[in-house]
Asks: 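This is the structure I want to talk about, given as structure tokens.
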Number of protein chains: 2
Amino acid sequence: MRQIKHPSIDQVELTDIMYALSEPTRLEIVGRLANAGRKLTCGELDLNRPKSSMSHHFKILRAAGLVETLIEGTEHMNALRIAEIEQKFPGVLQSVLTALNKS
Amino acid sequence: MRQIKHPSIDQVELTDIMYALSEPTRLEIVGRLANAGRKLTCGELDLNRPKSSMSHHFKILRAAGLVETLIEGTEHMNALRIAEIEQKFPGVLQSVLTALNKS
DNA sequence: TCTATAATTCGATTATATTCGAACTATAGA
DNA sequence: TCTATAGTTCGAATATAATCGAATTATAGA
């Protein structure tokens, strides 16, 4: 069961996080993953966009270090790397999530 | 003495802020404005880039609502709109500034 | 009114992102 | 071994952004 590679937390750059969060679809994905409180498949998110577009956005979220994807069978389970990100950049992701939930 | 137009704080979007902060030069400008604790002219920042490039980045920072520019004579004095941004998106800008000062 | 200074705007070039259909890969289960 | 399912990768089109020299605007001061 081959797994997807992710950057280690010390490779994660603040600019990459900012960039990943600057796109509405990706911000929506991040918000839903946070609120779900459990791992979600790409399909469960259902933002009404083609699979290839979703895949593209997940790739960027992974590269930024925001999302971790575990392959389980035919599904890809996605989770926010919130604890690690908070440790490295305290408050950054948390405050964005708070702002998201207010709007 | 004509002044530059800025968005009102309720027009400011989280994605625009994230986008503005996703570019290293702009992040640097924001960090210096925060640390200076006073208004700075574009020239004082001196990031070793052509004036037209700096002007472009300031335009984006202004449009995102992050920077306010007051014209005084021939100089443009720039300040972070930190109080307003903090009120609307608590912790977002502050945590980014903290992360910047650690790196 | 002339000159110097500060910064913006314009315009062209190049680079980077987004979008999405079609083809492909990997796994589970019949 | 066949089929269905979940997602990725490819490739091409389109859109958006970054870069920077040259021209322009606005002001201060001589």
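All chains are named by letter (A, B, ...) in the order of the sequence lines, taking the proteins before the strands, and each is independently numbered beginning at 1. All values reported here derive from a predicted model rather than from experimental measurement.
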Asks: Whole Å only: how far is the CG atom of A:L47 from the C1' atom of C:dT19?
Replies: 15 Å
Asks: For residues 75-93 of chain A, which residue pairs qualify under salt bridge (Lys or Arg N to Asp or Glu O under 4.0 Å), counting only residues two or more places apart or in two chains?
Replies: A:R81-A:E84
Asks: How does each nucleotide of nucleotides 5-13 of chain C score, in 5' to 3' order, for protein heavy atoms under 4.0 Å: base (B), sugar-phosphate only (S), or none (-)?
Replies: BBBBB----
Asks: For residues 50-64 of chain A, which residue pairs qualify under side chain to side chain donor-acceptor pair (under 3.5 Å), counting only residues two or more places apart or in two chains?
Replies: A:R26-A:H57, A:R62-A:T69
Asks: Measuring from the side chain of B:S53 (C-beta onward, heavy atoms only), which nucleotide among D:dA17, D:dT19, C:dG21 has the closest atom?
Replies: D:dT19
Asks: Only counting residues at least two apart or in another chain, list the ones meeting side-chain hydrogen bond (donor to acceptor under 3.5 Å, both in side chains) with A:D10.
Replies: A:S8
Asks: Expressed in angstrom and rounded to an integer, what is the separation of A:Y19 atom OH from C:dT16 atom C1'?
Replies: 8 Å
Asks: Can you list, by residue number, the residues of residues 22-37 of chain B that have a non-hydrogen atom closer than 4.0 angstrom to DNA chain D?
Replies: B:E23, B:R26
Asks: Between B:E23 (side chain) and B:T25 (backbone), is there a donor-acceptor pair under 3.5 Å?
Replies: yes
Asks: With a 3.5 Å distance limit and no angle check, can you tell me whether B:Q3 reaches the backbone of B:I71 through a side-chain donor-acceptor pair?
Replies: yes
Asks: Rounding to a whole Å, what distance do you find between A:E72:CD and D:dG7:P?
Replies: 11 Å
Asks: Can you check whether B:R49 has a side-chain N or O nearer than 4.0 Å to OP1 or OP2 of D:dC20?
Replies: no
Asks: Between A:L45 and A:F58, is a side-chain contact (heavy atoms from CB on, under 4.5 Å) present by the stated rule, with each step listed?
Replies: CA-CA 11 Å; A:L45 284 149; A:F58 269 105; 3.2 Å; yes
Asks: Looking at C:dT19, I'd like to know if its phosphate oxygens (OP1 or OP2) sit under 4.0 Å from a side-chain N or O belonging to A:H57.
Replies: yes
Asks: Starting at atom CZ of B:R2, determine the distance to atom C1' of D:dT27, rounded to an integer number of angstrom.
Replies: 13 Å
Asks: Here's a test for you: under side chain to side chain contact (heavy atoms under 4.5 Å, CB included), which of B:R32, B:K39, B:R38 qualifies with B:E44?
Replies: B:R38
Asks: Kindly state each residue pair satisfying side chain to side chain donor-acceptor pair (under 3.5 Å) with at least one member in residues 89-103 of chain A, sequence neighbours excluded.
Replies: A:N35-A:N101
